[in-house]
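Notes follow once the structure below has been shown.
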Amino acid sequence: MVNKVIFLLVCLTLSSCAVETVQQQPEDPVERYAGSYSPYRYGDLTDTDVPAGYQPFYISHYSRHGSRYLIHEEDFDVVSSFEGYASQGCLSEKGMNLLSDLQRLRDEHVRMHSHLTLKGGSQQQGIAERMAKRFPQVFARGGKVRCVSSPAQRCNQSLANFALSLASEHNELDFSIYSGHRYYDIISARIKDSEKRAHYAQIRDSMVVAGGSPILAVKELFLQPEKVQADWPALTHYVYTLCCAMQCQDYQAPAMDAYFTEDQLEVLWKAENAFDYGVFCDRETFGDYRIDHVARPILNEILDQADYAIASDDRVADLRFGHDSGLSPLLTLIGLEDYVQTDPDEAWKIWRNHEKVCMASNIQIVFYKHRSKEILVKILRNEQETLIPALKPVTGPYYSWDNLKEYLLSR
């Protein structure tokens with residue numbers, strides 16, 4: 001029986017984000033240049049055969065929120081600047097076209113900053129639906145589903161969309177909903193890292209300046225750029241960020257190559273990728289502060305709840321809804337494949353933000369039980385089987401839970 005709490009939460013959260021199921025669209029080859037703003041793509045859903053006699057019985061899950069509106073109103077200060085340039089007759093035809101697109105984006109954001117878009121809600125519904133159909137044995141007997149969310153509205157809305165979709169597939173589940181500032185430490189503890197962000201922002205900006213061509217593209221927005229007093233690297237970053245944010249919207253927004261060539265986008269993406277990797281995953285320059293204060297509490301909570309689920313035999317899932325600032329350090333701490341230490345400006349060769357921290361990016365740890373009470377687990381990242389290079393599986397992607405738990409406790 002579905003807990004009444006979920007209906008209350010759904011009503012509250014969906015009042016500002018209607019529910020709409022949208023099928024995954026064919027991938028636009030330049031869409032990846034939106035980086036962490038890229039829409040969710042789930043890829044290959046093939047499951048390696050589980051050893052005989054094992055059945056899935058519990059899933060531990062953590063997801064970044066789905067596609068969202070920009071968080072801060074000041075993100076649109078650059079639009080006001082362009083309106084000023086337009087009033088002075090400084091913009092080229094390309095610049096006027098961009099201004100029109102930015103004004104549309106700003107209008108869409110009125111009283112919606114930081115909330116989930118319909119696209120973001122659809123992403124969470126789709127993940128839940130596929131989980132329910134992929135592992136029906138977990139949910140078919142009913143059972144308790146514990147849901148924990150960051151107090152950010154976009155995370156609450158992600159939880160609501162996910163839980164509503166899961167309940168529609170298995171209506172005998174009993175949901176418990178937890179959200180509030182108390183749960184920040186569980187989901188993605190807030191830390192002060194302004195010095196760290198400034199350091200990686202310098203790396204990002206230096207890569208754009210060295211690349212050069214994206215700045216030239218922004219100068220093409222003006223009739224006489226040599227007469228414009230502007231911080232060109234900063235202006236380039238703001239324009240690129242807003243173009244990325246357009247990819248989260250529910251209307252047919254301009255593609256990523258509307259104002260930058262693909263070569264220019266590659267420069268911008270590599271630079272932004274360096275920033276994201278540096279802030280969330282780099283353990284060498286600033287040490288393990290984010291790992292210790294953000295990732296480790298999440299991992300400890302995952303282990304504690306898994307122990308409870310195994311012992312109680314009535315908890316079928318733990319669902320967590322948070323942020324890229326929690327998920328990416330968590331996967332770095334776990335040591336998933338491709339989460340290796342490298343120079344931020346070279347991270348794009350193996351760690352790519354449009355794959356690792358796209359909107360609604362997630363990890364699912366699926367537990368399988370044998371009648372002998374032996375437990376195997378496998379890890380899905382964005383619904384695809386993945387491995388921990390430092391740990392030997394029993395077979396394929398399946399690990400002994402005892403061995404995996406021992407390994408994770410040692411991290």
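These numbers come from a predicted model, not from an experiment.
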Practice task
Would you check, one step at a time, whether the test side chain to side chain contact (heavy atoms under 4.5 Å, CB included) holds for Gln124 with Ser63?
Solution key: CA-CA 9 Å; Gln124 294 292 351; Ser63 176; 3.2 Å; yes
Exercise for the section: Run the numbers on Phe57 and Ile375 for side chain to side chain contact (heavy atoms under 4.5 Å, CB included), then give the verdict. Expected result: CA-CA 10 Å; Phe57 71 97; Ile375 295 175; 4.0 Å; yes
Exercise for the section: Walk me through it: do Glu108 and Tyr251 pass the test side chain to side chain contact (heavy atoms under 4.5 Å, CB included)? Expected result: CA-CA 9 Å; Glu108 291 289 327; Tyr251 63 90; 3.3 Å; yes
Exercise for the section: List the steps, then state whether ring pair (Phe, Tyr, Trp, His ring centres under 6.0 Å) holds for Tyr69 with His113. Expected result: CA-CA 5 Å; Tyr69 294 94; His113 287 86; 8.0 Å; no
Practice task
Any chance you could lay out the side chain to side chain contact (heavy atoms under 4.5 Å, CB included) test for Ile363 and Leu327, step after step, and finish with the verdict?
Solution key: CA-CA 8 Å; Ile363 179 176; Leu327 178 63; 3.9 Å; yes
Exercise for the section: Given side chain to side chain donor-acceptor pair (under 3.5 Å), test Arg320 with Ser150 step by step and report yes or no. Expected result: CA-CA 8 Å; Arg320 304 167 185 88; Ser150 155; over 6 Å; no
Exercise for the section: Starting from the C-alpha separation in whole Å, work towards a yes-or-no answer on salt bridge (Lys or Arg N to Asp or Glu O under 4.0 Å) for Arg106 and Glu74. Expected result: CA-CA 11 Å; Arg106 183 179 61 186; Glu74 53 265 32; over 6 Å; no
Exercise for the section: May I have the step-by-step check of ring pair (Phe, Tyr, Trp, His ring centres under 6.0 Å) for Phe222 and Trp232, ending in yes or no? Expected result: CA-CA 12 Å; Phe222 299 89; Trp232 293 107; 5.5 Å; yes
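A salt bridge is absent between Glu383 and Arg41; no separation between the charged side-chain nitrogens and carboxylate oxygens falls under 4.0 Å. Ion pairing of Arg315 with Asp318 is present here, as a side-chain N (NZ or NE/NH1/NH2) and a carboxylate O approach within less than 4.0 Å. Using a 4.0 Å cut-off between a side-chain N of Lys or Arg and a carboxylate O of Asp or Glu, Lys219 and Glu226 do not qualify as a salt bridge. A salt bridge links Asp288 with Arg283; the closest basic N to acidic carboxylate O contact falls under 4.0 Å. Ionic pairing of Lys378 and Asp47 is present here: one or more N-O contacts between side-chain nitrogen and carboxylate oxygen are shorter than 4.0 angstrom. Between Glu337 and Lys356 no salt bridge is recorded (no basic side-chain N to carboxylate O distance below 4.0 Å). With salt bridges taken as basic N to acidic carboxylate O contacts below 4.0 Å, none links Asp345 and Lys270.
Side-chain atoms of Phe162 and Met131, non-hydrogen and from C-beta on, do get closer than 4.5 Å to each other. When side chains are defined from C-beta on, Ser325 counts as touching Phe280, because their heavy atoms get closer than 4.5 Å. Asp75 has its side chain out of reach of Tyr238: every pair of non-hydrogen atoms, C-beta onward, lies at least 4.5 Å apart. Counting heavy atoms from C-beta outward, Leu173 and Val316 have side chains that approach closer than 4.5 Å. Counting heavy atoms from C-beta outward, Pro397 and Thr386 have side chains that stay 4.5 Å or more apart. Taking the side chain as every heavy atom from C-beta outward, Thr395 and Val50 never approach each other to under 4.5 Å. The side-chain heavy atoms of Leu242 and Leu70, taken from C-beta on, include a pair separated by under 4.5 Å. Residues Leu102 and Phe76 fail the side-chain proximity criterion, which asks for heavy atoms closer than 4.5 Å.
Here SG of Cys244 is found 9.0 Å from NE2 of His237. Values are rounded to the nearest 0.5 Å. Note that the NE2 atom of His65 and the CZ atom of Phe321 stand 12.5 Å from one another [nearest 0.5 Å]. Rounded to the nearest 0.5 Å, atoms CG (Asp276) and OG (Ser36) are 4.5 Å apart. Atoms CD and CD1, from Gln305 and Ile310 in turn, are 11.5 Å apart once rounded to the nearest 0.5 Å. Rounded to the nearest 0.5 angstrom, Glu83 CD and Leu91 CG are separated by 10.0 Å. Of the inter-residue distances, the one linking Arg411 atom CZ with Glu406 atom CD reads 13.5 Å to the nearest 0.5 angstrom.
Ring geometry, Phe286 versus His199: the interplanar angle exceeds 60°, so the pair is classed perpendicular (tilted spans 30 to 60°). Using cut-offs of 30° and 60° on the angle between ring planes, the pair Phe82 and Tyr85 is perpendicular.
Checked by atom type, the side-chain pair Tyr259/Asp101 shows a donor-acceptor distance below 3.5 Å. A donor-acceptor pair shorter than 3.5 Å cannot be found between the side chains of Gln384 and Asp44.
Across Asn382 and Ser361, no two heavy atoms sit closer than the pair OD1-CA, 3.2 Å. Here the closest heavy-atom approach between residue Ile127 and residue Gln364 is recorded as CG2-NE2, 3.8 Å. Across all their heavy atoms, Asp282 and Thr285 have their closest contact at OD2-OG1, 2.7 Å. Ala189 approaches Val294 most closely through the heavy-atom pair O-CG2, 3.5 Å. Summarising the geometry of Ser92 relative to Leu223, their closest heavy-atom pair is CA-CD2, 3.7 Å, with the distance given to 0.1 Å. In plain terms, the two heavy atoms of Arg64 and His323 that are nearest each other are CG-C, 3.9 Å.
Under the 3.5 Å distance criterion, the side-chain polar atoms of Ser67 are left unmatched by any main-chain donor or acceptor of Cys248. At distances below 3.5 Å, at least one donor-acceptor pair connects side-chain atoms of Lys196 with backbone N or O atoms of Val279. Counting only distance, with no hydrogens or angles, the side chain of Arg190 and the backbone of Tyr184 share no donor-acceptor pair below 3.5 Å. For Ser122 (side chain) and Lys119 (main-chain N/O), no donor-acceptor pair under 3.5 Å exists by modelled atom type. In terms of modelled atom types and a separation under 3.5 Å, the side chain of Gln247 and the main chain of Pro254 share a donor-acceptor contact. Checking side-chain atoms of Arg352 against main-chain N and O of Trp348 turns up a donor-acceptor pair under 3.5 Å. In this structure, Glu346 contributes its side chain and Thr342 its backbone to no donor-acceptor pair below 3.5 Å. Formation of a donor-acceptor pair under 3.5 Å by the Tyr62 side chain with backbone atoms of Ile187 is found in this model. For the pair Asp402 (side chain) and Ser400 (backbone), a donor-acceptor distance under 3.5 Å is absent. A donor-acceptor contact shorter than 3.5 Å is absent between the side chain of Ser328 and the backbone of Asp324.
With a 6.0 Å cutoff to the six-membered ring centre and a 45° limit on the axis angle, Arg130 counts as a cation-pi contact of Tyr42.
A side chain to side chain contact (heavy atoms under 4.5 Å, CB included) with Arg154 holds for exactly one of Leu159, Thr117, Ile71; it is Ile71. Considering Leu235, Leu268, Val267 as possible partners of Tyr240, the one that fulfils the side chain to side chain contact (heavy atoms under 4.5 Å, CB included) test is Leu268. Each of Tyr58, Tyr399, Tyr398 was compared with Tyr368 under the ring pair (Phe, Tyr, Trp, His ring centres under 6.0 Å) criterion, and only Tyr398 meets it.
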